[in-house]
Amino acid sequence: MFRYLIRRLLAAAVIMLVITTITFFIFFALPSDPALLACGKTCSPSRLAEIKHSLGLDQGYLTQYWEFLKGLFAGRDFGDQSVRIHCGAPCLGVSFQTDTPVLTTLLQDFPADLSLGLGAAVAFLILGVGLGTVAAVRRGRAADKAAVGLALFGVSVQIYFIGLLLLYLFVDKFQILPTSGYTPITEDPSGWFQGLLLPWTTLVIVYLAMYTRLSRSSMLEVFAEDYMRTARAKGLPAATVVLKHGLRAAITPIITIFGMDVGSLIGGSAVITESVFGINGIGKLAVDSVQNSDLPVILGTTLFAATFVVLANVVVDLVYGLVDPRVRLA
C-alpha cells in the first residue's frame, strides 16, 4: 500500500506539472498582453515598459515559465528597487489589482469554500445513498417512485432558482434565518451554521438527484448477483444483506463521483451558489478576477482548483482499497 501511495503521488505530481504548464502558456502566451492589463486604461509607453520589467514579462516565454516554476518552490520577488514585493513559496504570482500575493488571497477565501463544500458533500452523500438504497430495496413501490421523483426534480431545477427561492422564503418572507453569508466558525459558530444552512440546502437539492439515481442503479445491479441470492438463502438478516454485502459492493462508483465533486467544490466550483448567497469564496474570486482581467489570480484559482481535484482522485484510489477487498488484491 505504501508503494502504491508513492506511485499515485508521483503520478499526481506529473499531472499537476502538465496542468501548470498548459495553464501558464494559455494565460501568458496568448495575444493579450498581461502588462497592458496590469497597467490599466491610462497607460503610457514608459509605464508599460516598467511594468513589463517588474513582472518579468520582457523576457522570453520559456524564461518566464522557468521563473514561475522556481517561484512555486523557492518564492519570487516582483517590482523594482523602489517598490519590491516578496511572494513566498509557493508563489502563484501577485495580483494586478491589489499587489498582494495570489496565494494569500486564496487562503483568505479558502475557509468559506471548505465549509461550504464539505458540509454540503457530507449531506448529499448520506441522503443520496440512503434514498437510493431505499428506492432499490423498495423497487416499484411508493418509496421508489418518490425517490425517483425527487431525483428528477433535483435534475430539473437550477442553483440560482433554488437559491433565490430559499432566500425569499426563509429570509425575506418568513424571516426564519438571517441574511446568508459566511461567518468564520472561530468567531461565531451559530452564525457560521445559520449563514451556510441555505447554501448547503441548495447544493444538497441539486446534487442529491445524481447520488440517488446512481445509488439506486448500482444497488439494483448488485442485487442481481449470485452472491446476494446466496446471502439471502443462508438466512442472513435483510439489513446485513443490504448494507454489508450490497452497499459495500455498490459504493465504488459512488466514491469515484463523490471524490470529484468534493475536490471541485472545495476548489471553488460552487460559483453560482457563492454569488447567490454573497459568500466570498474562491469561486466568486475567480469570477471577479475574470471581470477585472487579473491574470495572476485567474491562473492561481485554476491551479488551486486543479490541485484539489487531483488530490481527491488520489484519496479515492486509497479508499477503494479500504472498501473493496478485490482492489487490495489487485
Side-chain angles (χ1 to χ4, degrees), residues 114-159 161-163 165-166 169-170 177 193-194 196-225 227-229 231-232 236-266 269-270 273 312-313 315-327:
L114 184 63
S115 299
L116 177 63
L118 279 183
V122 171
F124 64 63
L125 176 66
I126 296 175
L127 293 176
V129 173
L131 285 176
T133 303
V134 171
V137 172
R138 302 289 182 180
R139 183 180 182 182
R141 302 180 185 178
D144 182 22
K145 295 179 181 179
V148 172
L150 180 62
L152 181 61
F153 172 76
V155 171
S156 304
V157 297
Q158 298 295 326
I159 290 178
F161 171 76
I162 292 295
L165 180 63
L166 292 177
L169 292 176
F170 292 96
L177 295 172
F193 179 79
Q194 294 181 13
L196 289 174
L197 185 57
L198 293 183
W200 283 339
T201 305
T202 302
L203 290 175
V204 166
I205 292 175
V206 174
Y207 280 87
L208 181 64
M210 178 178 61
Y211 283 87
T212 300
R213 298 174 65 184
L214 181 60
S215 302
R216 179 182 182 273
S217 61
S218 298
M219 290 295 291
L220 289 177
E221 290 180 5
V222 171
F223 285 164
E225 296 291 337
Y227 67 86
M228 293 294 292
R229 287 193 291 268
R232 296 191 192 97
L236 294 177
T240 302
V241 175
V242 173
L243 298 178
K244 184 177 180 180
H245 297 283
L247 184 58
R248 188 173 183 180
I251 203 156
T252 303
I254 301 172
I255 292 176
T256 303
I257 302 299
F258 182 70
M260 296 290 292
D261 287 339
V262 171
S264 59
L265 284 174
I266 294 178
S269 68
T273 306
N313 277 275
V315 174
V316 165
D317 289 341
L318 296 178
V319 173
Y320 280 164
L322 300 176
V323 173
D324 193 340
R326 295 171 296 179
V327 178

Query raised in the report: Can you name the nearest heavy-atom pair linking Val316 to Gly259, along with the distance?
Result: CG2-CA, 3.5 Å
Requested in this report: Check the angle between the aromatic planes of Phe258 and Tyr211 and answer parallel, tilted or perpendicular using the 30° and 60° thresholds.
Outcome: perpendicular
Report summary line: Minimal heavy-atom distance between Leu177 and Leu197, with the atoms involved, is CD1-CD2, 4.0 Å
**Report entry** Pairwise side-chain contact, Asp261 with Leu125, heavy-atom cut-off 4.5 Å (strictly under)
**Finding:** no
Report summary line: d(Ile162 CD1, Leu198 CG) to nearest 0.5 Å is 11.5 Å
Query raised in the report: Can you tell me how far CG of Leu131 sits from CG of Asp144, rounded to the nearest 0.5 angstrom?
Result: 11.0 Å
Query raised in the report: Got Leu127 and Thr212 here, is their nearest side-chain heavy-atom distance under 4.5 Å?
Result: no
Query raised in the report: Hey, are the side chains of Val148 and Leu152 touching, using non-hydrogen atoms and a 4.5 Å cut-off?
Result: no
Query raised in the report: Can you list the steps and then say if His245 with Leu236 is a side-chain contact (heavy atoms from CB on, under 4.5 Å)?
Result: CA-CA 10 Å; His245 297 283; Leu236 294 177; 3.7 Å; yes
Requested in this report: Examine distances only and state if a side-chain atom of Arg216 and a backbone atom of Thr133 form a donor-acceptor pair shorter than 3.5 Å.
Outcome: no
Query raised in the report: Going through the distances and angles, do Phe223 and Val137 end up as a side-chain contact (heavy atoms from CB on, under 4.5 Å)?
Result: CA-CA 9 Å; Phe223 285 164; Val137 172; 4.0 Å; yes
Report summary line: Heavy-atom closest pair (Leu214 atom, Pro253 atom, distance to 0.1 Å) is CD2-O, 4.0 Å
Requested in this report: Inspect the surroundings of CZ in Arg139 and state if more than 12 heavy atoms from other residues, nucleotides or ligands are less than 6.0 Å away.
Outcome: no
Query raised in the report: Taking Ile205 as the fixed residue, which of Thr202, Thr201, Leu208 is the one that meets the side-chain contact (heavy atoms from CB on, under 4.5 Å) rule?
Result: Thr201
Requested in this report: Of all the heavy-atom pairs spanning Gly263 and Ala312, show the shortest one and how long it is.
Outcome: CA-CB, 4.0 Å
Requested in this report: Give a yes or no on whether Arg138 atom CZ has more than 12 heavy-atom contacts from other residues, nucleotides or ligands under 6.0 Å away.
Outcome: no
Query raised in the report: What is the distance from atom CG of Leu247 to atom CD1 of Ile251, rounded to the nearest 0.5 Å?
Result: 4.5 Å
Query raised in the report: Are any non-hydrogen side-chain atoms of Met219 and Val242 less than 4.5 angstrom apart?
Result: yes
Requested in this report: Kindly indicate whether the side chain of Leu265, heavy atoms from C-beta on, has any atom under 4.5 Å from the side chain of Leu116.
Outcome: no
**Report entry** For Ser215 against Ile254, the heavy-atom pair lying closest together
**Finding:** OG-CD1, 3.3 Å
Query raised in the report: Do you know which two heavy atoms are closest between Val262 and Ala121, and how far apart they sit?
Result: CG2-CB, 3.6 Å
Query - Trp200 side-chain N/O to Phe193 backbone N/O, donor-acceptor pair under 3.5 Å - result: no
